[in-house]
Structure formats: C-alpha cells, structure tokens
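Before any comments, here is the structure.
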Amino acid sequence: MVNITVNAMALKVYNTISGKKEDFTPITEGAVKLYVCGVTVYDHCHIGHARSAIVFDTMYRYLRSKGYDVTYVRNFTDIDDKIIRRSHEENIPWQEVGQKYIASFYEDMDALGIMRPTHEPRATDHIGDMITLVDSLIKKGHAYNIDGDVYFSVDSFRNYGQLSKRPLDEMMSGARVDVDEKKRNPLDFALWKASKEGEPSWDAPFGKGRPGWHIECSAMSTLFLGNPFDIHGGGKDLVFPHHENEKAQTEAATGQKFVNYWVHNGFVNIDREKMSKSIGNTLSIKEFLKDYHPEALRLFYLSNHYRSPVDYNGQSIDDVNTALQRLYYTRHRALEAQKGKSFEARSFEQAEEINKKFIEAMDDDFNTALALSHIFELSKEINRMLDDKDAGALPLIASANQMFESLAGTLGLLEDSFESFENQAKMRHLARMGLDASFVENAIRDRIEARKAKNFQKADEIRNMLAEKGIMLLDTPQGTQWRIKTSVS
RNA sequence: GGCGGCAUAGCCAAGUGGUAAGGCGACGGUCUGCAAAACCGUUAUUCUCCGGUUCAAAUCCGGAUGCCGCCUCCA
C-alpha cells in the first residue's frame with residue numbers, strides 16, 4: 001500500500017461556479033484529477049497561451065509538491081473549421097496542419113519549462129467516444145438531428161447558464177447570436193456537423209460528419225478522469241460558451257455532476273490593449289524568446305495573480321528580467337561559496353519559517369505573487385550571510401540555498417543552469433547589438449592593461465564605451481566579469 | 001441591453017475587518033582606484049472620490065467617477 005503523505009493543510013481554490021474561494025477536497029483522498037483545455041492547432045502559440053500553460057503548470061507542480069497524485073489531462077483540438085481553413089491556405093492536408101502546429105506547441109512549451117501532462121489526447125483519436133456521447137444525448141431527448149447537423153437543446157437542460165451565471169431568457173435579448181433558422185433556440189449549439197464536400201468526416205448513426213468543439217472536451221475529460229472529476233481549467237474566455245456547454249451536455253448525458261472546481265486564468269493585454277489577431281498585436285512565444293529568457297515570462301506571470309488581467313509591456317518585462325537575474329546570481333554566489341568546502345549540514349530556522357509562509361501563500365488560491373515575495377526574502381538573507389564573510393555561516397547558507405532552490409523550483413524558476421542563463425543573456429544581447437563576444441573580451445583585456453598601468457582614465461573610457469552598448473563590467477576578486485544590463489530598449 | 005471584474009507609491013504588484021508584502025527605479029551609506037554587483041538605510045500616516053456600518057475599514061454597505069472583460073472563434 002502506498003503511503004500517501006498529502007499535506008492536508010487547507011488548500012483553498014477559487015471556484016468560478018460559486019464565485020468564492022472554497023476548501024479543496026478531492027474526490028479521492030490524496031489524488032487530484034485535473035483537466036485543462038489545450039489549444040486548437042492551427043497556428044503558433046502566443047504569450048496568452050503561455051499564460052494559461054504557465055498558470056496550470058504551476059498549479060500542477062504545487063499540487064504534486066503537496067504530495068497529491070495528480071492526473072493531468074490537456075487536449076489537442078486537431079479537427080476544427082480553422083484547421084480546415086488553414087489546410088486550404090497552406091495547401092497541405094488538414095492532418096499535416098495539426099502535426100505541424102503540435103510540433104510547434106511542444107517546442108514552445110518545452111522552452112518554457114512546462115511539464116508534460118499525464119495524458120494529452122487528440123480529438124481525432126476519440127471520435128468514437130464523441131459519437132457515443134452525442135448518440136446518448138439524442139436518445140435522452142437533449143439533442144436533435146436536422147439534416148445531419150446535431151444540436152444540443154439548451155431548453156432541455158434546466159441548469160443551463162449556471163456556470164457563467166447567465167439567465168437563459170436575458171441572454172436571448174441583447175446577444176449577437178447567429179440566427180440559424182434550423183435551430184430551435186438560437187443558443188443551441190452544434191454537437192455534430194454534417195460534412196461538406198471535401199471536408200474530413202467520420203461515419204456516425206446520425207450521419208457523416210465531424211464533432212463540434214465542445215463535445216471533444218466532454219468526451220476526453222470523462223474518458224480519462226471519470227465523472228465527476230476535481231478541477232477543470234482554462235482561460236477566462238472559455239467560461240462561456242465552451243465550459244457552459246461542456247457542463248450542460250455532460251451532465252445531461254450522465255445525470256451526474258461534471259466538475260467540482262472550475263478554475264479560470266485571466267487574460268493578457270499588450271500595452272493596455274486586448275491582444276488579438278485583428279488588431280495585429282499578438283506576440284508569439286517564439287518572438288518573445290528571441291529577446292528574453294523563458295523564465296522571465298514565467299516570473300512575469302507569476303508576479304500577478306492568475307485570475308487578474310495582466311498588461312504585457314516592455315518595461316514590466318525588463319523589470320522582471322532584472323529581478324530574475326538577481327535570483328540566478330544569488331544561487332550562483334551561494335554555490336560558489338560552498339565549492340570545495342566540507343561542512344556539516346545544519347537546518348536553518350529562518351528558511352523553515354519562509355517555507356511555511358510560502359506554503360500558506362500558495363494554499364490561498366495559489367497566491368504566487370505573495371509566494372514570490374518570500375523567495376526574494378530568502379534571496380536577500382542568503383546574500384546577507386554571504387556578505388558577512390563568516391565562515392561559520394556556511395552550513396546555514398547551504399541549507400538556505402537548498403530551500404531557495406526548492407521553492408523556486410516549485411514555481412518552475414531557477415530550472416536553468418547559471419552558465420546557460422548567463423550565456424543566453426549574452427548571446428541574445430550581442431546578437432541584438434550586432435557584436436560578438438571577442439569584441440567585449442578584447443575591450444576587457446585592453447582595460448586590464450590600462451588598469452595595471454594605473455591609466456584609470458583610459459580604463460574608464462573603455463568601461464563607458466561598453467556601458468553604452470548595454471554591457472556592464474564587474475571587477476571582482478576573480479577578475480573582471482561582464483554582464484548584460486537587462487533592459488532591452 | 002445583460003453579466004462580471006478592476007482602481008494601492010515614480011512604475012509593476014500582493015493584501016477581504018486589526019493598522020500597508022515583494023519587484024523595478026531613485027537617493028544616501030558600506031565596499032571599490034572610481035564603478036558595478038551585493039548588503040544596510042530612506043522612498044504610500046495612506047489605498048480614485050463622497051457618504052455609511054464598526055472600538056477598528058484599502059478591506060464591509062450605499063453612491064459617484066474612470067478603466068476593462070465576456071455575451072461571436074479565442075488561453
């Protein structure tokens with residue numbers, strides 16, 4: 001028998017359906033079943049997708065760190081109108097569109113340090129499960145078939161609107177809903193779409209066609225996690241209609257509750273404007289990574305509450321990048337100080353204290369911003385001890401640094417090596433400035449000569465010249481080192 | 001028209017009844033040839049405004065103003 005050691009301290013989770021923070025009680029003690037809506041694979045991901053990925057990755061990491069056995073499912077929507085359109089645009093089969101952008105998705109997620117979920121089902125691998133679900137909805141009178149299109153009847157489900165808190169009748173009036181003459185109620189949504197000429201299709205008792213978007217997540221989530229399951233997540237925009245529809249069709253089909261906790265992350269704006277393809281202000285993850293370390297984006301998102309909207313702009317990212325650099329240098333200093341020294345491990349009371357505060361913050365609906373503040377406290381404490389140059393403090397520094405790394409790791413930070421972190425910063429900067437490393441190294445060599453000759457004027461000229469190019473010099477006991485000023489502008 | 005959110009220092013931002021976390025920046029100090037980094041200190045008597053409840057309010061209630069999201073594919 002596995003000894004489950006879940007830290008049962010009260011984790012609270014904000015539940016969209018109640019609008020309140022609730023005590024988190026999983027269906028099965030010690031286990032969490034989590035489903036998050038993935039992406040539709042018809043384009044490269046942007047920094048908004050990254051927010052959702054980072055937020056739920058952090059929850060996943062934290063739940064695991066508390067000792068929960070987490071089953072995490074994230075789907076790929078690989079059949080959809082947009083994918084079909086893209087296949088025409090790029091003149092490649094629709095299957096290839098999916099493969100191409102799934103590969104792009106993994107490239108981005110791996111770069112961002114997003115852990116792989118337990119299961120990553122693709123919609124097209126589960127068409128049979130969707131057909132079964134649609135079929136049962138027809139038989140139970142919750143769906144109707146018109147010319148091969150199958151619609152869910154919202155009037156047949158009493159609780160429709162419960163999640164998004166939209167009373168049915170009020171929605172009808174002002175809503176800009178496509179008037180489809182075939183539908184009984186304008187809010188009825190497609191469970192199955194009859195295939196058109198030249199479109200991908202599957203055989204079903206109710207006609208040849210393909211699944212609607214909402215039914216995919218219902219089929220795949222219940223298949224992998226059962227019914228009900230613990231947490232269903234996604235971006236805030238999915239509350240209506242996607243999650244409302246998932247809930248309606250699943251509960252109508254099973255007669256049981258679908259999900260216990262609904263969790264939604266807030267949106268990303270760019271320079272106070274909504275990020276959208278029509279405005280043309282989207283920023284892809286790949287573009288972001290040309291200029292910054294992946295963890296800068298993570299630190300940026302985690303310093304905001306996951307439910308708040310967040311405004312992306314150059315200044316904020318530069319600020320956070322400077323802070324990230326400080327964390328990396330703190331750990332580096334601590335490890336350098338320990339190199340080649342032997343000492344007895346000793347637990348450090350202040351580190352334990354900070355650990356406790358960290359857990360309290362994260363238990364309060366994943367308050368990552370507060371949790372981060374405790375990591376910075378610890379960073380400060382480590383640097384303070386290092387500055388004291390008290391040899392006896394080494395065991396304390398070692399233990400504080402261990403805690404520091406462990407807490408940062410729970411948030412997916414400090415996962416890179418110092419060398420890689422520093423090199424990436426240098427390479428990105430030099431590429432941007434059109435310089436190469438030998439230019440900097442030569443300048444440093446000249447300056448060392450000048451300093452030896454006590455020609456401080458020349459030495460300072462060289463330093464100023466480099467500073468203008470965003471390169472700063474540090475004269476340390478180990479020699480002259482260089483770093484990049486983190487501001488991109 | 002319906003539903004919901006937000007307003008905290010120069011900037012970003014946490015904080016839902018007990019007297020304002022943290023980051024970035026700025027200034028002063030230690031260190032240094034001078035710097036940088038790091039550390040120490042300073043940087044919101046006050047949380048958009050007006051009124052109310054309370055011994056006590058950034059936090060609760062009422063009102064005003066401003067900004068934003070969803071209701072259409074969307075993380």
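The figures here come from the full heavy-atom set of this structure, side chains too, leaving out hydrogens, waters and symmetry mates.
Rounded to the nearest Å, the gap between the C1' atom of U59(B) and that of U54(B) is 13 Å. Here, U46(B) and G4(B) have their P atoms 34 Å apart, quoted to the whole Å. Separating the P atom of A58(B) from that of U45(B) is a span of 13 Å, rounded to the nearest Å. Distance noted for atom P between A57(B) and G17(B): 14 Å (whole Å). G62(B) sits 25 Å from A20(B) when the C1' atoms are compared, rounded to a whole Å.
Counting only heavy atoms from C-beta on, Lys274(A) has its side chain closest to G69(B) among C3(B), G69(B), G23(B). Set against A13(B), C24(B), C70(B), the side chain of Ala323(A) has C24(B) as its closest nucleotide. Closest to the side chain of Asn367(A), from the set A14(B), A21(B), G23(B), is A14(B).
With no hydrogens or angles considered, no side-chain donor-acceptor pair links His46(A) and Ser284(A) at under 3.5 Å. Asp188(A) and Ser153(A) share no side-chain donor-acceptor pair at under 3.5 Å.
The one candidate from Asp291(A), Asp108(A), Asp43(A) that meets the salt bridge (Lys or Arg N to Asp or Glu O under 4.0 Å) condition with Lys286(A) is Asp108(A). Looking at Arg333(A), Glu295(A), Glu422(A) one by one, the single match for side-chain hydrogen bond (donor to acceptor under 3.5 Å, both in side chains) with Tyr328(A) turns out to be Glu295(A).
Put simply, OG1 on Thr368(A) and CZ on Phe358(A) are 9.0 Å apart, with the number rounded to the nearest 0.5 Å. Distance check, rounded to the nearest 0.5 Å: OH of Tyr329(A) to CG of Asn383(A) gives 13.0 Å.
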- [ ] Take nucleotides 32-39 of chain B nucleotide by nucleotide from the 5' end and write B, S or -, depending on whether a protein heavy atom sits under 4.0 Å from the base, only from the sugar-phosphate, or from neither.
- [x] -BBBBSBS
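Computed from coordinates, the Gln315(A) CD to A26(B) C1' distance equals 13 Å when rounded to whole Å. One atom, CG of Leu238(A), and another, P of G69(B), lie 17 Å apart when rounded to the nearest Å. Between the CG atom of Leu411(A) and the P atom of G22(B) there is a distance of 17 Å, given to the nearest Å. Distance Phe240(A) CZ to G5(B) P: 18 Å, rounded to the nearest Å.
Pairing each heavy atom of Val13(A) with each of Phe24(A), the nearest pair is CG2-CB, 3.9 Å.
Salt-bridge formation is detected for the pair Arg331(A)/Glu405(A): a Lys NZ or Arg NE/NH1/NH2 atom is positioned less than 4.0 Å from an Asp or Glu carboxylate oxygen.
Near-neighbour residues of RNA chain B inside residues 303-311 of chain A, defined by a heavy atom below 4.0 Å, number-ordered: Ser303(A), Asn304(A), His305(A), Ser308(A).
Of all nucleotides present, only C68(B) satisfies the Watson-Crick or G-U wobble test against G4(B), with each distance under 3.5 Å.
Under the stacking definition used here (centres under 5.5 Å, planes under 30°), the residue Phe267(A) qualifies as stacked on the base of A75(B).
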Task: Candidate pair Phe421(A) and His293(A), rule side chain to side chain contact (heavy atoms under 4.5 Å, CB included), full reasoning - done: CA-CA 7 Å; Phe421(A) 178 82; His293(A) 188 97; 3.4 Å; yes
